[in-house]
Amino acid sequence: MSASLAGAPVFALQDGNNFYVSCERVFNPRLENKPVCVLSSNDGCAIARSSECKALGVKMGDPLFQLQDLVRRHGLICLSSNFALYGDLSARVLEVLSQFSPDIEPYSIDENFVRVERMRLLWPDLTQMGQAMVARVKQWVNIPTCVGFGTSKTMAKLSNHVAKKNPQFGGVFDSTSYPAKELGALLATISVGEVWGVGRRIAEKLNAMGIHTVQDLRQSSPKFIRSHFSVVMERTVAELQGISCLDLEDVAPPKQQIISSKSFGTMVSTQEELGEALTSYVTRAAEKLRAQRSVCGAVHVFVMTNRYTTRDPQYCNGITIPLPNPSADTMALAGAALAGLKAIYRKGYAFKKTGVMLLDLSPAGIVQGSWFDQVEVQSRQSDVVMAALDSLNARFGRDTVTVAAAGTQKRWVARAENRTQRFTTRWTELPKAYAK
DNA sequence: TCTGGGGTCCTAGGACCC
DNA sequence: TCTGGGGTCCTAGGACCC
């Protein structure tokens with residue numbers, strides 16, 4: 001049994017093995033034991049690989065046209081992606097895990113963090129708990145997974161990695177009960193780039209400083225790391241030392257931006273075609289926006305040519321269009337997007353990709369019975385503030401219940417309460433009506 | 001010929017204020 | 001008019017994650 005104190009957090013990280021491929025295998029058992037990969041949209045490149053596929057040397061992101069030889073000679077099976085299916089199975093996995101603890105944070109489509117320390121009466125041995133999780137997810141959803149335990153999220157992630165890479169652990173690794181000396185030896189065999197939060201760039205920089213393995217980083221001083229990197233890395237080192245800095249996010253916060261974009265299968269040149277694609281992306285993004293009950297204050301549009309070709313001239317550009325009234329209305333957003341497109345469109349290019357980002361999101365609808373419209377104006381002039389209040393009155397007319405203004409010398413917030421809408425608007429520049 | 005689509009957080013630096 | 005410290009807000013860009 002682990003020596004962790006009662007109440008001190010213990011995290012599990014459950015992670016589906018080769019998740020998309022495993023999902024496909026649920027409904028097509030003939031894919032079992034065969035090299036399989038799942039492709040991105042337009043069947044562009046590999047985004048998930050079975051272990052047999054990895055053994056053939058296929059890398060994440062390898063384009064399909066480079067895999068044709070493996071398809072012919074080794075029977076590599078390449079499948080188009082089916083994200084609706086993966087999302088459905090992900091939800092089922094989550095349901096099974098909720099039998100083990102109510103404190104769960106779905107981290108990605110194939111990963112879940114679980115706080116387990118409150119369940120120690122039921123599961124004094126974490127390894128047994130992890131084995132039960134693996135067995136039950138396999139039995140009920142037929143998805144193979146691994147589970148790692150740690151006293152921080154970062155250690156749970158790392159333990160999951162250990163479980164995945166070392167078959168002798170049977171898919172479960174509990175770093176909290178592993179003898180300290182042996183744990184250090186084990187972590188000294190793992191390269192520092194495997195740590196959650198250490199990407200390619202930071203790994204290079206760490207290597208240059210003589211920090212090559214997870215154990216090297218774990219034995220570094222957080223303050224030293226802070227001085228050469230950022231507060232994020234400082235936290236990572238503390239987490240590796242078993243000090244939990246990142247808690248479970250049990251209620252998912254609303255998105256701060258919503259993106260919808262896609263590459264074209266064949267190149268597109270005309271503004272009309274780009275506009276049609278954009279309109280469908282805006283429709284999808286606006287649905288997501290309304291689903292989280294937000295309105296959006298600015299729409300960003302971008303276009304780009306094919307960055308992989310050296311033959312054609314390159315052009316990429318983007319523009320952010322602020323909305324005078326924050327909205328979740330598809331037509332309003334599409335109008336802004338198309339106006340943006342018109343501004344950045346150039347004739348004579350073969351475009352590969354376009355997309356839209358909804359920015360400046362804020363809550364819409366009823367919040368504890370109050371409805372507000374806020375206008376922030378950068379001015380110390382009282383007449384400007386009064387003008388802002390006037391505009392709120394004009395916008396809501398008789399529906400306006402109260403108006404008020406408060407702020408500092410520079411930045412004023414004018415606020416109107418209204419029976420039908422709640423918006424929070426931030427103007428980064430003065431609304432035209434008030435410009436002097 | 002053919003190369004994904006989402007997201008988050010942090011920092012530096014400029015504008016502006018007292 | 002000049003100088004400087006302390007502070008806020010905003011944006012662009014980089015780095016990371018799946």
Side-chain angles (χ1 to χ4, degrees), chain A residues 13 15-16 18-20 37-48 58-69 71 78 80-81 83 86-87 90 106-113 153-154 157 160 193-206 226 228-236 245-246 249 252-267 281 284-285 288 292 298 300 302 304-312 318 320 322 350 352-361 376-380 407-413 426-429:
Chain A
L13 180 75
D15 185 329
N18 320 320
F19 187 66
Y20 297 166
C37 69
V38 171
L39 303 167
S40 64
S41 69
N42 295 324
D43 293 345
C45 60
I47 56 172
V58 177
K59 299 274 179 297
M60 192 76 168
D62 278 357
L64 176 59
F65 67 88
Q66 286 176 8
L67 303 176
Q68 295 303 345
D69 196 44
V71 171
C78 300
S80 300
S81 53
F83 286 99
Y86 312 149
S90 174
Y107 175 66
S108 72
I109 195 164
D110 68 333
E111 288 174 69
N112 298 287
F113 282 109
K153 280 179 154 183
T154 304
K157 284 277 275 186
N160 189 285
E194 300 296 340
V195 173
W196 191 33
V198 178
R200 190 173 52 87
R201 287 297 173 82
I202 290 178
E204 278 171 16
K205 200 169 157 190
L206 285 169
R226 172 81 172 95
H228 287 84
F229 299 89
S230 74
V231 63
V232 183
M233 277 299 294
E234 180 186 22
R235 226 155 35 202
T236 296
C245 306
L246 307 167
E249 293 191 18
K255 299 256 180 293
Q256 299 174 45
Q257 56 179 238
I258 293 171
I259 299 177
S260 182
S261 71
K262 233 168 96 175
S263 299
F264 295 116
T266 56
M267 299 296 180
Y281 303 158
R284 215 172 36 183
K288 292 188 204 170
Q292 68 167 31
H300 182 85
F302 64 89
M304 54 178 70
T305 50
N306 185 355
R307 64 196 162 111
Y308 292 103
T309 183
T310 50
R311 211 187 47 244
D312 298 327
T320 303
K352 176 65 181 169
K353 185 174 179 176
T354 183
V356 68
M357 288 169 66
L358 306 186
L359 306 171
D360 200 6
L361 307 191
E376 184 176 314
V377 290
Q378 295 197 25
S379 171
R380 51 195 299 187
T408 62
Q409 289 286 324
K410 176 195 166 196
R411 202 174 291 267
W412 282 78
V413 174
R426 207 172 53 203
W427 269 289
T428 52
E429 56 192 86

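- No engagement by Lys59(A) is indicated, since no non-hydrogen atom pair under 4.0 Å with the nucleic acid exists.
- Side-chain contact between Lys153(A) and Leu13(A) is absent, with no heavy atoms from C-beta onward closer than 4.5 Å.
- The phosphate of dG4(B) has OP1 or OP2 within less than 4.0 Å of a side-chain N or O from Tyr308(A).
- In this structure, Lys353(A) reaches the dG5(B) phosphate: one of its side-chain N or O atoms is under 4.0 Å from OP1 or OP2.
- At the heavy-atom level, Ile202(A) lies under 4.0 Å from the strands shown only through sugar-phosphate atoms.
- Rounded to an integer number of Å, the gap from Glu234(A) CD to dC10(B) C1' is 13 Å.
- The aromatic rings of Tyr20(A) and Tyr86(A) sit parallel to each other, their planes meeting at less than 30°, with 60° as the upper class boundary.
- Gln66(A) comes within 4.0 angstrom of nothing in the nucleic acid, heavy atoms only.
- In this model, the phosphate group of dC17(C) is not approached by any side-chain N or O of Arg200(A) to a distance below 4.0 Å at OP1 or OP2.
- No engagement by Ser81(A) is indicated, since no non-hydrogen atom pair under 4.0 Å with the nucleic acid exists.
- Considering only side-chain N and O atoms, Arg284(A) lies under 4.0 angstrom from the phosphate OP1 or OP2 of dG6(B).
- One interatomic measurement links the two molecules: NZ of Lys255(A) to C1' of dC18(C), which rounds to 12 Å at whole-angstrom precision.
- Heavy-atom nearest nucleotides on DNA chain B were determined for Ser230(A) and for Ser261(A), and the one closer to the 5' end corresponds to Ser261(A).
- No side-chain heavy atom of Thr236(A) sits under 4.5 Å from any side-chain heavy atom of Phe229(A).
- For dG4(B), the OP1/OP2 oxygens have no side-chain nitrogen or oxygen of Ser41(A) closer than 4.0 Å.
- Comparing Ser260(A) and Lys352(A) along DNA chain B, the residue whose closest nucleotide (by nearest heavy atom) sits nearer the 5' end is Lys352(A).
- With a cut-off of 3.5 Å on both pairing distances, the Watson-Crick or G-U wobble partner of dC18(B) is dG5(C).
- Comparing dC18(C) with dC2(B), their P atoms sit 30 Å apart, to the nearest whole Å.
- Within the 4.0 angstrom heavy-atom criterion, no nucleotide atom of any strand lies near Gln68(A).
- In terms of modelled atom types and a separation under 3.5 Å, the side chain of Ser81(A) and the main chain of Leu39(A) share a donor-acceptor contact.
- Within 4.0 Å (heavy atoms only), Asp110(A) reaches sugar-phosphate atoms of the nucleic acid but no base atom.
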For Gln292(A) and Leu361(A), what are the C-alpha separation, side-chain angles and deciding distance, and is it a side-chain contact (heavy atoms from CB on, under 4.5 Å)?
CA-CA 10 Å; Gln292(A) 68 167 31; Leu361(A) 307 191; 3.7 Å; yes

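- Val38(A) comes within 4.0 angstrom of nothing in the nucleic acid, heavy atoms only.
- For Phe83(A) and dG5(B), the CZ to C1' distance is 8 Å, given to the nearest whole Å.
- The nearest whole Å value for the distance from the CE atom in Met357(A) to the C1' atom in dA12(C) is 12 Å.
- With hydrogens and angles disregarded, a donor-acceptor distance shorter than 3.5 Å links the side chain of Thr309(A) to the backbone of Arg311(A).
- Here Ile109(A) lies out of heavy-atom contact (under 4.0 Å) with every strand.
- The shortest distance between the side-chain N/O atoms of Ser263(A) and the OP1/OP2 oxygens of dG5(B) is below 4.0 Å.
- Residue Lys205(A) is classed as having no contact, given no heavy-atom separation below 4.0 Å to the nucleic acid.
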